[in-house]
Amino acid sequence: DGGITQSPKYLFRKEGQNVTLSCEQNLNHDAMYWYRQDPGQGLRLIYYSQIVNDFQKGDIAEGYSVSREKKESFPLTVTSAQKNPTAFYLCASSSTGTGGPTDTQYFGPGTRLTVL
Amino acid sequence: GIQVEQSPPDLILQEGANSTLRCNFSDSVNNLQWFHQNPWGQLINLFYIPSGTKQNGRLSATTVATERYSLLYISSSQTTDSGVYFCAGGYNYGQNFVFGPGTRLSVLP
């Protein structure tokens, strides 16, 4: 089955720890995205990548880091510098990242991160 | 940057009722999409609709680009329609593609 997988589904972290959220897609998409969703809110862009080995900051990149070494994978690290990391994290991909009619976004099931 | 407003913020319907959700944009967009987030958090794309009208089963959407708004119509609602409906738009993707705050729909049996 083609799609996007995220792991883990739930993640608990102690203050001061870095954690890495996994995102993998087998849709052969060039573009991948990370969003953060807080309760009752819309999605806010953290980072996005349109091609391997290149990525751009979104609106709320501070305290987060990413890598794009493979087309299929776009892991997100939540660092200890992120002051309020408890949230629902969603990964998405799209064909090219240019926003045309065949370039709709597909989302993974999400990871719920809780800082203890 | 672009601002996106959605109304109403919450909507409760009886099964079988029809509804209209609205999305307003502060500026012109070339990429406008509607999404549904189910109660477990999964988002699914419903429509890519920067202009015109589209229909998919009981759902349809209309965007009036010149007036910077889009409408999502749900007819004969079912309990499985419950969740949050987001519109998102902007220029292409990246920082220029903004999600609205969503409309939370509850369909009661």
Side-chain angles (χ1 to χ4, degrees), chain A residues 3-6 8-10 23 27 29-51 54-62 66 74 87-113, chain B residues 1-10 21 23-26 28-54 56 61 63 65 83-106:
Chain A
I4 303 178
T5 57
Q6 291 186 242
K9 190 170 183 179
Y10 298 95
C23 178
L27 299 167
H29 285 171
D30 286 324
M32 297 186 74
Y33 314 81
W34 274 105
Y35 291 94
R36 169 179 171 142
Q37 186 177 26
D38 292 288
Q41 310 275 323
L43 279 66
R44 291 184 291 167
L45 182 67
I46 305 173
Y47 270 98
Y48 67 102
S49 167
Q50 286 186 281
I51 196 170
D54 187 50
F55 46 83
Q56 307 295 327
K57 291 182 179 180
D59 301 314
I60 56 166
E62 185 174 350
V66 294
F74 192 40
F88 187 48
Y89 290 88
L90 287 154
C91 179
S93 71
S94 71
S95 180
T96 62
T98 56
T102 60
D103 196 31
T104 53
Q105 285 187 319
Y106 294 79
F107 282 83
T111 293
R112 291 194 185 274
L113 173 64
Chain B
I2 287 176
Q3 307 295 318
V4 180
E5 297 176 347
Q6 289 189 244
S7 59
D10 295 282
L21 283 58
C23 179
N24 291 333
F25 289 85
S26 60
S28 300
V29 299
N30 73 349
N31 180 3
L32 193 162
Q33 300 178 39
W34 282 95
F35 297 86
H36 174 235
Q37 185 173 39
N38 70 19
W40 298 271
Q42 180 70 57
L43 267 98
I44 295 174
N45 186 285
L46 298 175
F47 293 104
Y48 172 89
I49 188 164
S51 63
T53 297
K54 288 187 178 179
N56 183 3
T63 297
V84 183
Y85 290 82
F86 291 103
C87 68
Y91 267 81
N92 304 327
Y93 277 121
Q95 285 181 292
N96 300 314
F97 187 68
V98 177
F99 279 76
T103 291
R104 182 172 297 277
L105 174 65
S106 299

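Reminder, nothing fancy here: chain letters follow the sequence lines and each chain counts from 1.
Scanning all heavy atoms of the two residues, the minimum distance from P109(A) to F88(A) falls at O-CZ, 3.4 Å. The heavy-atom pair separating P50(B) from N30(B) by the smallest distance is CB-O, 3.7 Å. S28(B) and Y91(B) make their closest contact through O-CE1, 3.1 Å (heavy atoms, listed as atom of the first residue, atom of the second, distance). Between T96(A) and D30(A) the shortest heavy-atom distance is CA-CB, 4.4 Å.
Contact annotation for Q6(B): neither backbone nor side-chain heavy atoms come within less than 4.5 Å of a heavy atom of chain A. Using a 4.5 Å cut-off between heavy atoms, T98(A) touches chain B through its backbone atoms (N, CA, C, O) alone. Residue Y48(A) touches chain B through its side chain alone, counting heavy-atom pairs closer than 4.5 Å. Contacts of S94(A) with chain B are made by side-chain atoms alone, with heavy-atom separations under 4.5 Å and no backbone atom involved.
Contacts with chain B were tallied for P101(A), G108(A), A31(A); P101(A) has the most, counting heavy-atom pairs under 4.5 Å. Comparing L45(A), D103(A), D59(A), L90(A) by heavy-atom pairs within less than 4.5 Å of chain B, the highest count is held by D103(A).
Annotation for Q42(B): atom CD counts as buried by contact number, over 12 foreign heavy atoms lying within 6.0 Å.
Under the 6.0 Å cut-off for aromatic ring centres, F97(B) and Y33(A) do not qualify, their centroids lying 6.0 Å or more apart. The aromatic ring centres of Y35(A) and F99(B) sit less than 6.0 Å apart.
Residues of residues 36-44 of chain A lying under 4.5 angstrom from chain B, judged on non-hydrogen atoms, are Q37(A), G40(A), Q41(A), G42(A), L43(A) by number.
Considering only heavy atoms from C-beta on, S95(A) stays 4.5 Å or farther from T102(A) through its side chain.
No option in F47(B), F86(B), Y85(B) other than Y85(B) meets the ring-ring contact (aromatic ring centres under 6.0 Å, His included) test with H36(B).
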